[in-house]
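Values reported hereafter were calculated over all heavy atoms of this structure, with side chains retained and with hydrogens, waters and symmetry mates removed. A quick note: this is a predicted structure, and the numbers were derived from the prediction, not measured.
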Amino acid sequence: MAEQGRKHELAALLLRWYDLNARVLPWRVNGQDPYKVWLSEIMLQQTSVAAVKDYYIKFISRWPNVQALAEASLDQVLGAWAGLGYYARARNLHACACAVWAQGGAFPRHVSGLLELPGVGQYTAAAIAAIANDIPVAAVDGNVERVVSRYFGLTEPLPLSKPRIRELAQSLVPQLRAGDFAQAMMDLGATVCTPKSPACGTCPWAEDCVAKAKGLQSVLPIKGSKKSIPTRYGHVYWITNGNGHALVRQRPMKGLLAGMTEFPSSEWNEMKAGFSAPFVADWTQVSGVVEHTFTHFHLELTVWSTHQPSPVLDGHFVKFEDLREEALPSLMRKVATHALKD
DNA sequence: GATACGTGGCG
DNA sequence: TCGCCAAGTAT
C-alpha cells in the first residue's frame with residue numbers, strides 16, 4: 001500500500017543521511033558487542049554524550065567485558081561512576097553484569113529477555129536488541145519522541161502522546177539495518193531535529209514534515225510545564241585529624257546518592273536550622289556556602305570544620321589526595337573543594 | 001500516572 | 001543568570 005511505501009522511503013532517506021552524517025562515538029567503533037552497547041546505553045540514560053564519553057572509555061579500559069565487570073566490587077564500580085549521576089544505574093549495572101555472567105556471560109538477544117535485567121527498561125531493551133542484534137524494534141527515547149512528534153505533527157502533549165509515538169516509530173523501522181536506523185533516529189534528533197531551533201534545512205525528512213509545514217517545529221513536542229523545586233538547607237562537617245586526612249563515611253544503600261561516599265552532615269530541611277554540633281569540639285565555620293541542584297530540590301550547605309584525632313560518626317579518615325579515588329558524588333566534591341580552599 | 005533519582009552544559 | 005534538558009528506570 002502507498003502508506004507502506006512512504007514509510008519505507010523515509011527509512012531509506014534516513015539511512016542514507018546516516019551513512020554520511022553518523023557521529024563518530026567511542027561505542028560505535030568496530031562492531032556491536034552487546035556488552036559495549038549495553039554499557040553505553042546505561043550511561044546515556046538522561047545523560048549527554050559529552051558527559052558519557054570519558055566515563056565510557058574508562059569503564060571499557062578497566063572492565064573490557066561482562067566477566068571483568070561482574071568480578072569487580074560494587075564499591076569499585078560506584079567509585080568509577082562517581083560524578084556521572086543517577087547512581088542507581090551504577091548499582092544496577094553491577095547487578096546486571098553479575099546476573100549475565102551467572103547465566104553464562106551472554107546477554108539476552110530479544111527485548112523480552114533484556115527487560116528482565118536490572119536497570120534495563122523498555123527503551124534500553126529495544127536499543128540493545130536493535131543495535132547489538134539488528135532486531136527490528138523501535139528504541140523510543142527523547143530524541144525519537146521529538147522527531148516523530150514533529151514529522152507527524154502530533155499536538156497532543158507528552159506523556160499522553162507516548163503510545164501513539166511508539167506506534168508510529170515502530171511503523172518506520174525497516175527490516176534491514178534496524179540498528180543503524182535506531183542510531184540514525186537518535187543522531188537526527190541530537191544534531192538536526194534539536195529541541196530548540198532545529199536545522200530543518202539539512203533534515204532528510206523536511207519535505208514531508210508536518211511540524212515544519214505548520215511552523216511548529218520549535219513548538220513540538222508539547223510538554224507539561226515544570227514545577228518549581230524547593231531549596232533545602234543543612235550543615236556539613238569537615239572533620240580533619242590534623243594530619244591531612246578528612247572524615248568520610250558511606251551513605252545508606254537506599255535513596256539519594258545511595259551507597260556513595262559523603263562527608264557527614266545534618267539533615268537537609270526546607271527550614272533553615274542553626275548549627276548544632278554533632279559532637280563537642282572547637283568548630284569553625286568555613287566562609288561561603290556550597291550550592292548544588294538535584295533533580296527535585298536545590299541544596300545549600302554550610303561547611304563547619306574541626307580537628308578530631310580519631311574517627312567519629314561511623315566514619316573513617318582518608319588522605320586529602322586520596323579523596324579523588326573515593327566514590328564522592330559531585331556535591332561532596334564541591335564540599336571538599338570548598339573546605340580545602342579556606 | 002506521579003515521583004524520586006544527578007549532573008554539567010548551553011542559549 | 002537560570003530554566004531546560006540528555007539515548008530512562010524503578011516504584
Side-chain angles (χ1 to χ4, degrees), chain A residues 22-23 25-28 36-56 78 81-93 95-96 114-132 137-147 157-163 166 169 179 181-191 193-198 218 221 223-232 251-260 262 291-299 327-334:
Chain A
R23 288 176 292 175
L25 301 169
W27 44 91
R28 283 183 180 168
K36 294 180 178 175
V37 174
W38 163 73
L39 177 62
S40 65
E41 289 300 337
I42 301 298
M43 287 186 163
L44 286 161
Q45 288 169 2
Q46 295 289 284
T47 308
S48 68
V49 165
V52 164
K53 277 184 180 169
D54 288 347
Y55 282 88
Y56 174 83
L78 286 176
W81 196 277
L84 197 54
Y86 284 143
Y87 299 102
R89 292 184 295 172
R91 286 181 277 120
N92 286 330
L93 186 83
C96 182
L114 289 160
L115 273 173
E116 302 292 317
L117 299 171
V120 176
Q122 198 162 166
Y123 160 75
T124 304
I128 297 171
I131 298 169
V137 291
V140 182
D141 70 338
N143 287 307
V144 176
E145 286 176 356
R146 189 167 55 253
V147 169
L158 283 168
L160 285 179
S161 54
K162 282 195 178 202
R166 284 212 172 81
F181 181 81
Q183 298 186 84
M185 287 287 277
M186 294 188 268
D187 274 22
L188 187 69
T191 66
C193 196
T194 51
K196 294 165 187 173
S197 41
S218 295
K223 295 184 179 181
S225 57
K226 307 291 184 231
K227 290 176 213 154
S228 64
I229 58 177
T231 300
R232 296 182 190 171
R251 289 179 61 84
M253 290 308 294
K254 284 188 180 283
L256 187 71
L257 309 176
M260 302 296 285
E262 69 170 357
E291 292 186 274
H292 193 75
T293 301
F294 293 106
T295 312
H296 51 298
F297 65 94
H298 300 293
L299 182 62
L328 285 174
S330 293
L331 163 66
M332 294 298 161
R333 290 187 190 272
K334 285 185 188 175

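Not counting sequence neighbours, the partners of A/E145 by the salt bridge (charged side-chain N to carboxylate O under 4.0 Å, His left out) test are A/K162. Shown here are the salt bridge (charged side-chain N to carboxylate O under 4.0 Å, His left out) partners of A/R251, two or more places apart in sequence or in another chain: A/E262. Taking the side-chain contact (heavy atoms from CB on, under 4.5 Å) definition, one finds that A/S161 meets it with A/E156, A/L158, A/I165, sequence neighbours left out. In this view, A/Y55 satisfies the ring-ring contact (aromatic ring centres under 6.0 Å, His included) rule with no residue, not counting sequence neighbours. Applying the side-chain contact (heavy atoms from CB on, under 4.5 Å) test to A/F294 and every residue at least two apart in sequence or in another chain returns A/L256, A/L257, A/W268, A/H292, A/F297, A/L299, A/L331. Residues satisfying the side-chain contact (heavy atoms from CB on, under 4.5 Å) criterion with A/S48, sequence neighbours excluded, are A/A50, A/A51.
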What nitrogen or oxygen pairs link the protein and nucleotides 1-4 of chain B at under 3.5 Å?
{"from": "B/dT3", "atom 1": "OP2", "to": "A/K227", "atom 2": "NZ", "distance (Å)": "2.4"}

Can you tabulate the close N/O pairs, meaning under 3.5 Å, that link protein atoms to atoms of nucleotides 8-11 of chain B?
{"from": "B/dG8", "atom 1": "OP1", "to": "A/S330", "atom 2": "OG", "distance (Å)": "3.1"}

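Side-chain nitrogen and oxygen atoms of A/Q45 include none within less than 4.0 Å of the OP1 or OP2 phosphate oxygen of C/dG8. An OP1 or OP2 oxygen of B/dG6 is reached within less than 4.0 angstrom by no side-chain nitrogen or oxygen of A/R89. Residue A/Y55 has no polar side-chain atom (N or O) positioned under 4.0 Å from OP1 or OP2 of B/dT7.
For A/T47, taking side-chain heavy atoms from C-beta onward, the closest of the listed nucleotides C/dA6, C/dT9, B/dG6 is B/dG6.
Nearest-nucleotide mapping onto DNA chain C: of A/H298 and A/E41, the residue sitting toward the 5' end is A/H298. When the nearest nucleotides of DNA chain C are assigned to A/V49 and A/P118 by heavy-atom distance, the more 5′-ward of the two goes with A/V49.
Within the nucleic acid shown, A/L257 comes within 4.0 Å of sugar-phosphate atoms alone, with no base atom in reach, counting heavy atoms only. Here A/R333 lies out of heavy-atom contact (under 4.0 Å) with every strand. Residue A/I128 is classed as having no contact, given no heavy-atom separation below 4.0 Å to the nucleic acid. Residue-level contact check: A/T293 touches the bases, meaning some heavy atom is under 4.0 Å from a base atom. If you check every strand for non-hydrogen atoms under 4.0 Å, A/V120 touches sugar and phosphate atoms only. A/W81 comes within 4.0 angstrom of nothing in the nucleic acid, heavy atoms only. Using a 4.0 Å heavy-atom criterion, one finds that A/Q183 contacts no nucleic acid atom at all.
Atom P of nucleotide C/dT9 and atom CG of A/L44 are separated by 12 Å, given to the nearest angstrom. Rounded to a whole Å, the CH2 atom of A/W38 is 15 Å from the C1' atom of C/dT9. If you measure from atom OH of A/Y86 to atom P of C/dT11, you get 16 Å, rounded to the nearest angstrom. Spacing between atom CD of A/Q122 and atom C1' of C/dG8 amounts to 11 Å, rounded to whole angstrom units. For the pair A/R146 CZ and C/dA6 P, the computed distance is 5 Å after rounding to whole Å. In this structure, A/E145 places its CD atom 12 Å from P of C/dC5, rounding to the nearest Å. The nearest whole Å value for the distance from the CD atom in A/Q46 to the C1' atom in C/dC5 is 8 Å. Rounded to an integer number of Å, the gap from CG of A/L114 to C1' of C/dG8 is 15 Å.
When atom types are taken as modelled, the side chain of A/S40 and the backbone of A/V37 share a donor-acceptor pair closer than 3.5 angstrom.
A gap of 14 Å separates the P atoms of C/dT11 and B/dG6, to the nearest Å. One P atom belongs to C/dA6, the other to B/dC5, and the distance between them is 23 Å to the nearest Å.
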Under 3.5 Å donor-acceptor pairs involving side-chain atoms of residues 118-131 of chain A, not counting sequence neighbours:
{"from": "A/Q122", "atom 1": "OE1", "to": "A/R166", "atom 2": "NE", "distance (Å)": "3.4"}
{"from": "A/Y123", "atom 1": "OH", "to": "A/E41", "atom 2": "OE1", "distance (Å)": "2.7"}
{"from": "A/T124", "atom 1": "OG1", "to": "A/Q45", "atom 2": "NE2", "distance (Å)": "2.9"}

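A salt bridge links A/R28 to A/D187: one of the charged nitrogens lies within less than 4.0 Å of a carboxylate oxygen.
The minimum heavy-atom distance between A/P26 and A/Y56, with the atom names listed, is CB-CD2, 3.7 Å.
In the model, A/R89 has a side-chain atom that pairs as donor or acceptor with a side-chain atom of A/T47 under 3.5 Å.
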